[in-house]
Amino acid sequence: MTVALETRGLGRRFGGLAAVRDVSFSVESGSVLGIIGPNGAGKTTLINLIGGQLKPTGGRVIVDGRDVTGARPWAIAQARVARTFQIVKPFRELTVRENVAIGSMYGPERAGSKREALARAGEVLERVGLADRAQMAPRELPVADARRLELGKALAMRPRVLLLDEVMAGLRAREIDGTLDLIRSLREEGMAILVVEHVMKAIMSVSDSVLVMHEGAELVRGAPREVVEDPRVIEAYLGRRYAERMRAGTPRA
């Protein structure tokens, strides 16, 4: 496998506060890196540094061997990196289908016409389970479907690297399972995926490796089961009851 995404000593300071400190990792094509940690650990800031929403104050971001550190979000997108956002912000005056079509029109593999973009959008909506919602306005969607729309917008960019920021937040167990199935299928197709999530059952079941962040820095990184049994992770994030359930094979979502 080839390394699709790499960070080297990545950091971001806000005045005297180090929101992200010296974070280094790599994600290969066809693999999933899960990122967990308590609120305020720097997880979303890390995604913003990779996606171009924030500029690093230290370190590098490398996509497919190309240094894109500090590049604008649209330049990162042209490098075939797409992301979702915790707070969904669709174009509310457009239909669900038109929202997804925008990714096809402005992504690295631009559609040649509006008709082609809408056709591609239809394919993406089928995949994320929103085909029957295509003509609806985003404001009419329930939470689960709004999350699917956010994911569909990202997939319409045809990325090689996908950054998912709490895409399963607020979903029911059945809805989470559907999202996990989609992530697994994308991984099988060779996509490199970074997943930030608080739903531990989801992270544990879909990740090839897990990075635990604490106070802006890496606390532990390794295989999912090894990570949740690490005493440092139990103390900083999970708690002993969760670790005991993991050993018993009955983790809660």
Side-chain angles (χ1 to χ4, degrees), residues 1-86 108 154 157-167 183 186-187 190-198 202-204 206-224 226-227 230 232-233 236-237:
M1 294 185 186
T2 59
V3 173
L5 171 66
E6 182 180 5
T7 68
R8 299 177 185 172
L10 196 60
R12 170 72 190 204
R13 300 189 68 88
F14 296 95
L17 173 66
V20 171
R21 296 183 288 118
D22 194 29
V23 175
S24 301
F25 63 81
S26 61
V27 188
E28 295 181 334
S29 299
S31 68
V32 177
L33 173 66
I35 298 184
I36 63 174
N39 290 330
K43 304 181 299 296
T44 293
T45 301
L46 178 63
I47 283 190
N48 288 338
L49 293 173
I50 297 169
Q53 286 74 35
L54 287 173
K55 288 190 176 183
T57 51
R60 319 305 297 170
V61 177
I62 299 168
V63 176
D64 281 334
R66 173 188 168 195
D67 192 330
V68 296
T69 308
R72 297 288 189 178
W74 53 85
I76 301 292
Q78 290 298 315
R80 304 184 73 89
V81 178
R83 66 162 296 179
T84 66
F85 291 85
Q86 283 186 33
M157 304 286 289
R158 297 189 172 181
R160 278 180 39 79
V161 177
L162 181 62
L163 313 175
L164 301 178
D165 193 359
E166 297 196 31
V167 73
I183 291 173
L186 295 170
R187 174 178 60 189
M191 195 175 293
I193 306 172
L194 188 155
V195 181
V196 169
E197 194 55 69
H198 281 292
I203 281 286
M204 298 302 297
V206 80
S207 300
D208 297 295
S209 60
V210 175
L211 166 65
V212 184
M213 293 188 66
H214 183 60
E215 297 181 348
E218 176 182 322
L219 180 64
V220 177
R221 181 168 22 139
E226 294 173 359
V227 163
D230 190 292
R232 294 167 292 178
V233 179
Y237 182 46

Only residue of Val27, Ile183, Leu33 satisfying side-chain contact (heavy atoms from CB on, under 4.5 Å) with Ile193 is Ile183
Mind listing the closest non-hydrogen atom pair of [X] and [Y] along with its distance?
X: Val32; Y: Val206; result: CB-O, 3.6 Å
X: Gly70; Y: Lys55; result: O-CE, 3.5 Å
X: Pro224; Y: Ser209; result: CD-CA, 4.3 Å
X: Ser207; Y: Ile203; result: OG-O, 2.9 Å
X: Ala79; Y: Val68; result: CB-CG1, 4.5 Å

Does any part of the side chain of [Y], heavy atoms only, come nearer than 4.5 Å to the side chain of [X], both counted from C-beta?
X: Arg83; Y: Asn48; answer: yes
X: Tyr237; Y: His198; answer: yes
X: Ile50; Y: Leu194; answer: yes
X: Leu211; Y: Val227; answer: no

Quick one: salt bridge (charged side-chain N to carboxylate O under 4.0 Å, His left out) pairs with a partner in residues 25-50, sequence neighbours left out?
->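 Of all non-adjacent pairs touching residues 25-50, none passes salt bridge (charged side-chain N to carboxylate O under 4.0 Å, His left out).
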Among residues two or more places apart or on two chains, list those pairs meeting salt bridge (charged side-chain N to carboxylate O under 4.0 Å, His left out) that have a residue in residues 64-78.
-> Arg60-Asp67, Asp64-Arg160
Answer yes or no: is there a donor N or O on one side and an acceptor on the other, between the side chain of [X] and the main chain of [Y], under 3.5 Å?
X: Thr45; Y: Val20; answer: no
X: Arg80; Y: Val63; answer: no
X: Thr7; Y: Phe25; answer: yes

Can you pull the side-chain hydrogen bond (donor to acceptor under 3.5 Å, both in side chains) pairs that have at least one residue in residues 13-27, sequence neighbours excluded?
-> none
Quick one: side-chain hydrogen bond (donor to acceptor under 3.5 Å, both in side chains) partners of [X], sequence neighbours excluded?
X: Asp165; value: Thr44, Gln86
X: Glu166; value: none
X: Ser31; value: none
X: Thr2; value: Ser29

Test Val212 against Asp230 for side chain to side chain contact (heavy atoms under 4.5 Å, CB included), laying out the working first.
-> CA-CA 10 Å; Val212 184; Asp230 190 292; over 6 Å; no
Test side chain to side chain contact (heavy atoms under 4.5 Å, CB included) on Thr69 and Leu49 and set out the steps.
-> CA-CA 8 Å; Thr69 308; Leu49 293 173; over 6 Å; no
By side chain to side chain contact (heavy atoms under 4.5 Å, CB included) - contacts of [X] (at least two apart):
X: Gln78; value: Pro108, Arg110
X: Pro73; value: Gln53
X: Ala77; value: Met157

By salt bridge (charged side-chain N to carboxylate O under 4.0 Å, His left out), Arg12 pairs with (sequence neighbours left out) none
Can you name the salt bridge (charged side-chain N to carboxylate O under 4.0 Å, His left out) partners of Glu6, sequence neighbours left out?
->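 In terms of salt bridge (charged side-chain N to carboxylate O under 4.0 Å, His left out), with neighbours along the sequence ignored, Glu6 is linked to Arg8.
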If you measure from CG on Leu164 to CD on Glu197, what distance do you get to the nearest 0.5 Å?
->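 One gets 8.5 Å once the value is rounded to the nearest 0.5 Å.
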